[in-house]
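Numbers restart at 1 for each chain; the letters A, B, ... are given by sequence-line order, proteins then strands. This structure is a prediction, so every number in the text was calculated from the model and none was measured.
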Amino acid sequence: MFKKLALAGALSVMATGAWAECAYENTTPLKSLSAGFEAWKAVTDAMAECGNFQASLDQDFREKQPEAFAAKPALYQIGGVANSTMVPLLNAGTIRPLDDLVAKYGQHLKPNQLIKVDGKTYAIAMMVNLQHLMYREDILNDLGIAVPTTYAEMLDAAAKIKEAGVVEYPIGATFKTGWNLGEEFINNYLGEGGAFFAEGNMPNINNEKGVAALEVMKALTEFMDPEYLVSDSTYVQQQFQQGKIAMANLWASRAAAMNDEAESQVVGKVVMAAAPMGSERPASSLWWDGVVFATNMTDEEAEAAFQVAMEGMDTEMVKANNDAAVWLIDGFNAGPLAKGAYETAQKGTAPYPGSGPMGIMHTVLGNGISDYLNGAKDAATTLADIEAAYITAAKESGLVQ
Amino acid sequence: MNFKTFAAFVGPSVFMMLLFIAFPLASVLKQSFYVTQPIYDTVEVETCSPGFPDQICVTEQKSVPQLDEDGKIVEITTFVGLQSYRNVLELERAWNAVKTDGLMALQSIDFWKALRFTLTFTLITLPLVLGFGLGIALMINNASLAIKGPVIFISLLPFIITPVIGALSINWLFRGDGILTALIEWYLQRDVSMFAQAWTIEVLIMLYRVWHVAPFAAIVFYAGLQTVNSDALESAVIDGASRWQRMKYVVIPHLTPLIIFISMIHLMDAYRVFEEIVGFSSQGYVISLQWLTYDFLVPDQAGNRSISRASASAMLTMIGIAALLVPLLRRTWQDHKGDH
């Protein structure tokens with residue numbers, strides 16, 4: 001009998017995860033809509049322990065959120081957003097200021113977690129994510145190469161690795177046409193200290209900094225698998241895991257996968273370092289992920305939703321999922337996997353400048369840069385065409401007169 | 001049948017066609033002449049986000065849309081005439097490009113790049129689909145009764161597979177060191193990257209479409225083959241006609257209406273090529289008109305989408321299909337008149 005009870009106890013702990021149960025019982029029905037990666041799964045699972053909570057983890061969340069939050073009452077009380085996906089909700093006024101709720105239930109939150117717009121808190125951040133250097137320590141040590149800190153050093157290292165014939169393609173990168181490729185340019189352009197817009201939301205990328213950013217990207221492609229235009233984060237992660245590449249600027253959230261015994265052949269060999277420096281800042285951009293709360297719900301619902309979210313984003317959850325993300329929440333033990341993210345951030349990485357015009361800029365960059373990389377256009381023409389495409393789209397959406 | 005009965009039978013389907021085809025079409029046509037946008041105010045906003053060690057606060061000029069009393073974004077719709085069409089076609093830029101650098105320069109402008117591929121794709125796959133379709137149909141027709149069922153089933157399989165799934169599977173077979181790429185590499189004894197230049201991707205896309213659609217053509221032709229006049233065939237044999245001559249002078253003329261039918265269906269389908277672009281993630285090298293429309297329509301992360309340009313692009317696609325169908329329709333019309 002005792003054995004059976006113990007077994008049942010063990011099973012119930014397993015079923016609800018390794019962390020403790022929710023501290024109270026939630027009685028208000030609540031729903032959330034967020035992206036579907038590992039960290040969100042961990043957080044929403046922890047929220048669900050309070051009861052009456054249903055999470056939608058959806059990769060197309062950004063297409064659904066604006067409409068769902070504009071409904072009266074809102075279809076979801078809690079939303080998961082990042083720098084850029086908060087913009088449409090904020091613009092439409094469908095997410096509420098949280099200062100009262102933070103004062104009442106969020107005293108433990110760190111100042112870094114409070115996303116403020118004009119002094120009012122609109123979102124509670126739980127983690128950061130950015131692209132930083134990951135490299136094969138064994139390969140670099142064998143060849144006596146120092147850890148690259150700039151793109152020039154990274155290219156040198158790549159040339160040596162290629163010459164030594166250790167791997168065929170020393171560099172991997174998330175150059176997939178579309179969002180990924182746009183993000184790579186944005187990282188490099190921010191690294192060069194560039195500003196994307198001039199007065200009146202006019203584009204401002206066709207300049208020396210823009211050309212420099214493009215040239216770095218092209219130089220890198222010399223050392224990449226020629227199919228780089230279809231290479232997304234998962235593909236680069238697999239290239240690492242299968243020992244096909246030696247260096248890449250990859251998302252911090254992918255770091256844990258390098259040591260996943262089930263998938264990786266290079267367990268313990270991939271080390272995290274800061275992103276290469278541009279002329280002014282690291283060639284990276286700092287992203288945060290966090291929760292927002294709908295305007296269109298009662299204050300009681302808002303209180304319940306906020307409390308549940310705080311339970312989901314607590315220290316126990318972080319302890320149980322330490323390596324799933326670079327958490328901002330108290331209790332995070334920044335191990336070697338988070339080293340790259342921290343070092344990159346400390347060197348003064350700029351936050352991703354999410355805004356309405358930036359959304360358009362990101363899209364036109366992502367669509368336009370491949371013409372330069374595959375040699376159809378030179379750098380100046382590419383940037384001029386991208387600016388023209390931006391202006392057409394921005395005029396249509398009313399951002400440029 | 002009197003008019004009342006006729007109307008009662010046809011009424012519901014006319015109503016459905018108006019509701020689900022004519023009305024959306026009219027709405028898209030209207031949207032292509034209008035632009036709807038929020039009214040933006042420029043305000044100075046301070047945004048604070050996580051940083052290490054301290055929060056990073058940035059003060060910037062931002063465009064913020066005006067809200068009405070209900071908290072909804074105020075939007076105004078203005079008539080812009082053909083502006084959205086001009087934005088899609090970029091005629092002036094296209095003309096300048098052609099003048100200075102010749103026809104190839106059109107490749108640098110999205111619409112013309114997409115049109116070039118869409119037309120090539122449509123016109124190259126058409127004869128292949130007809131040829132392979134007829135080949136498979138003849139094969140089924142000549143197969144002995146015992147294996148006819150399985151042969152029909154196997155040759156129909158590609159048509160049953162969902163296009164996106166099919167395209168993705170082929171993509172994975174060739175991507176990186178996929179099984180088939182590895183096989184080609186082994187055979188040619190050299191490194192092959194199927195997704196590193198436009199023409200290999202285009203060939204893959206076309207092969208995939210032919211593989212996918214030929215069974216449809218085959219099954220239609222097979223049905224047609226059942227009605228070939230056997231007397232005519234026997235007389236041809238007695239007159240000493242070879243297999244090829246029988247095919248050319250008896251079977252193919254008999255199948256002509258079906259060939260036109262399949263050509264029309266295929267032109268309409270192929271001109272709207274889309275799944276392959278997504279399935280092969282070929283946007284960096286190859287885009288199609290339908291993909292362009294989709295790309296205008298997808299919101300970016302900040303929620304902007306180009307509905308007017310998407311509408312214009314959709315209308316242009318329709319015009320393109322209509323233009324392609326004209327020769328075939330004319331021929332059917334002439335045949336139709338000849339019958340009477």
Q: Just so I understand: if I count every heavy-atom pair under 4.5 Å between each of B:R93, B:M104, B:Q83 and chain A, which residue has the most?
A: B:R93
Q: Check A:S397 against B:P38 and note the closest heavy-atom contact, atom names and distance.
A: O-CD, 3.7 Å
Q: Might you point out which heavy atoms bring A:E227 and B:R175 nearest each other, and give the distance in Å?
A: OE1-C, 3.9 Å
Q: When heavy-atom pairs shorter than 4.5 Å are enumerated against chain B, which of A:T85, A:D225, A:V230, A:T382 gives the highest number?
A: A:V230
Q: Is it the case that over 12 heavy atoms from other parts of the model lie below 6.0 angstrom from the CZ atom of B:F79?
A: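 Enclosed.
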Q: Please find the pair of heavy atoms, one from B:K62 and one from A:S355, that lie closest to each other, and give the distance.
A: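 Where B:K62 meets A:S355 most closely, the heavy atoms are CE-CB, 4.2 Å.
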Q: What part of A:N367 gets within 4.5 angstrom of chain B, counting heavy atoms only: side chain, backbone, both, or neither?
A: side chain
Q: Under a 4.5 Å heavy-atom cutoff, which of A:L114, A:T363, A:N91 has the most pairs with chain B?
A: A:N91
Q: Heavy-atom cut-off 4.5 Å, strictly under: side chain, backbone, both or neither for B:F296 against chain A?
A: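 Nothing of B:F296, per the 4.5 Å heavy-atom cut-off to chain A.
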Q: For A:N374, is it the side chain, the backbone, both or neither that has a heavy atom under 4.5 Å from a heavy atom of chain B?
A: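 Just the side chain, heavy atoms under 4.5 Å.
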Q: Which region of A:Y169, side chain (C-beta onward) or backbone (N, CA, C, O), has a non-hydrogen atom less than 4.5 Å from a non-hydrogen atom of chain B, or is it both or neither?
A: side chain
Q: Heavy-atom pairs under 4.5 Å with chain A - which of B:V43, B:D110, B:V64, B:L67 has more of them than the others?
A: B:L67
Q: Please give me the minimum heavy-atom distance between B:D54 and A:N112, naming the atom from each residue.
A: C-OD1, 4.2 Å
Q: Can you confirm whether B:Q66 is buried at CD, in the sense that more than 12 heavy atoms of other residues, nucleotides or ligands lie under 6.0 Å from that atom?
A: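 More than 12 within 6.0 Å, yes.
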Q: With only heavy atoms counted, which part of B:Q283 is less than 4.5 Å from chain A, the side chain, the backbone, both or neither?
A: both
Q: Tell me, side chain or backbone of A:A92 under 4.5 Å from chain B's heavy atoms, or both, or neither?
A: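 Looking at A:A92, backbone and side chain both touch chain B.
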Q: Check each atom of A:F175 against the heavy atoms of chain B and say whether the ones under 4.5 Å are side chain, backbone, both or neither.
A: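 For A:F175, there is no contact with chain B at all, as no heavy atom is under 4.5 Å.
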Q: Quick check on the interface: out of A:E396, A:Q401, A:R62, A:K116, who has the most heavy-atom pairs with chain B under 4.5 Å?
A: A:E396
Q: With chain A as the partner, which of B:E60, B:Q55, B:M194 has the greatest number of non-hydrogen pairs under 4.5 Å?
A: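 Max contact count across the listed options: B:Q55.
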Q: What part of B:D191 lies closer than 4.5 angstrom to a heavy atom of chain A: side chain, backbone, both or neither?
A: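 Contact with chain A is through the side chain of B:D191 alone.
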Q: Find the one option among A:A388, A:P351, A:G93 whose heavy-atom pairs under 4.5 Å with chain B are most numerous.
A: A:P351
Q: Below 4.5 Å from any heavy atom of chain B, which atoms of A:I360 appear? Answer side chain, backbone, both or neither.
A: both
Q: Given a strict heavy-atom distance threshold of 4.5 Å, which part of A:Y235 is in contact with chain B: side chain, backbone, both, or neither?
A: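 Contact with chain B involves the side chain of A:Y235 alone.
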Q: Need one label for B:E44: side chain, backbone, both or neither, based on atoms under 4.5 Å from any heavy atom in chain A.
A: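 For B:E44, the backbone is the part near chain A, not the side chain.
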Q: Pick one of side chain, backbone, both or neither for A:L399, based on which atoms fall under 4.5 Å of a heavy atom in chain B.
A: both
Q: Where do A:T349 and B:I56 come nearest, in terms of heavy atoms and distance?
A: O-CD1, 3.9 Å
Q: Which atoms of B:S84 are under 4.5 Å from chain A, going by heavy atoms: the side chain, the backbone, both sets, or neither?
A: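 Interface part for B:S84: neither.
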Q: Let's go through B:F52 and A:L328 carefully: what are the C-alpha distance in whole Å and the side-chain angles of both, what is the deciding distance for side chain to side chain contact (heavy atoms under 4.5 Å, CB included) to 0.1 Å, and is it a yes or a no?
A: CA-CA 10 Å; B:F52 299 88; A:L328 288 167; 4.0 Å; yes
Q: Using non-hydrogen atoms only, which part of A:E168 is less than 4.5 Å away from chain B: side chain, backbone, both, or neither?
A: side chain
Q: Taking atom types as modelled, find out whether A:N201 and B:S63 have a side-chain donor-acceptor pair closer than 3.5 angstrom.
A: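 Note: A:N201 and B:S63 side chains meet the donor-acceptor criterion.
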Q: If the contact rule is any heavy atom under 4.5 Å from chain A, which residues of residues 297-312 of chain B qualify, in numerical order?
A: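 Listed by number: B:V298, B:P299, B:D300, B:Q301, B:A302, B:G303, B:N304, B:S306, B:I307, B:S308, B:R309.
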Q: Determine the option with the most heavy-atom pairs under 4.5 angstrom with chain B, choosing from A:V87, A:L229, A:T94.
A: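 Top option by heavy-atom pairs under 4.5 Å: A:L229.
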Q: Just wondering, are more than 12 heavy atoms of other shown residues or ligands nearer than 6.0 Å to OH in B:Y294?
A: no
Q: Start with the C-alpha gap between A:D371 and B:K113, add the side-chain angles, then the distance that decides, and say whether salt bridge (charged side-chain N to carboxylate O under 4.0 Å, His left out) holds.
A: CA-CA 12 Å; A:D371 276 346; B:K113 184 178 170 183; 3.8 Å; yes
Q: Taking non-hydrogen atoms and a cut-off under 4.5 angstrom, which of residues 68-77 of chain B neighbour chain A?
A: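 Only B:D70, B:G71, B:I73 of residues 68-77 of chain B have a heavy atom under 4.5 Å from chain A.
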Q: How close do A:V128 and B:P50 get, counting heavy atoms only, and between which atoms?
A: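 What the structure gives for the nearest pair is CG1-CB, 3.9 Å.
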Q: Please look at A:K176 and chain B and tell me whether the side chain, the backbone, both or neither of the residue comes under 4.5 angstrom of a heavy atom of that chain.
A: side chain
Q: I'd like to verify something: which residue of A:P66, A:A376, A:P111 has the highest number of heavy-atom pairs under 4.5 Å with chain B?
A: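 Looking at each of A:P66, A:A376, A:P111 in turn, A:P111 comes out on top.
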Q: Which bit of B:T42 comes within less than 4.5 Å of chain A, counting heavy atoms only: side chain, backbone, both or neither?
A: neither
Q: Quick check: are there more than 12 heavy atoms from other residues, nucleotides or ligands sitting under 6.0 Å from NZ of A:K120?
A: no
Q: Indicate yes or no: at least one non-hydrogen side-chain atom of B:V35 is less than 4.5 angstrom from one of A:K395.
A: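 Result no, sub-4.5 Å side-chain heavy-atom pair not found.
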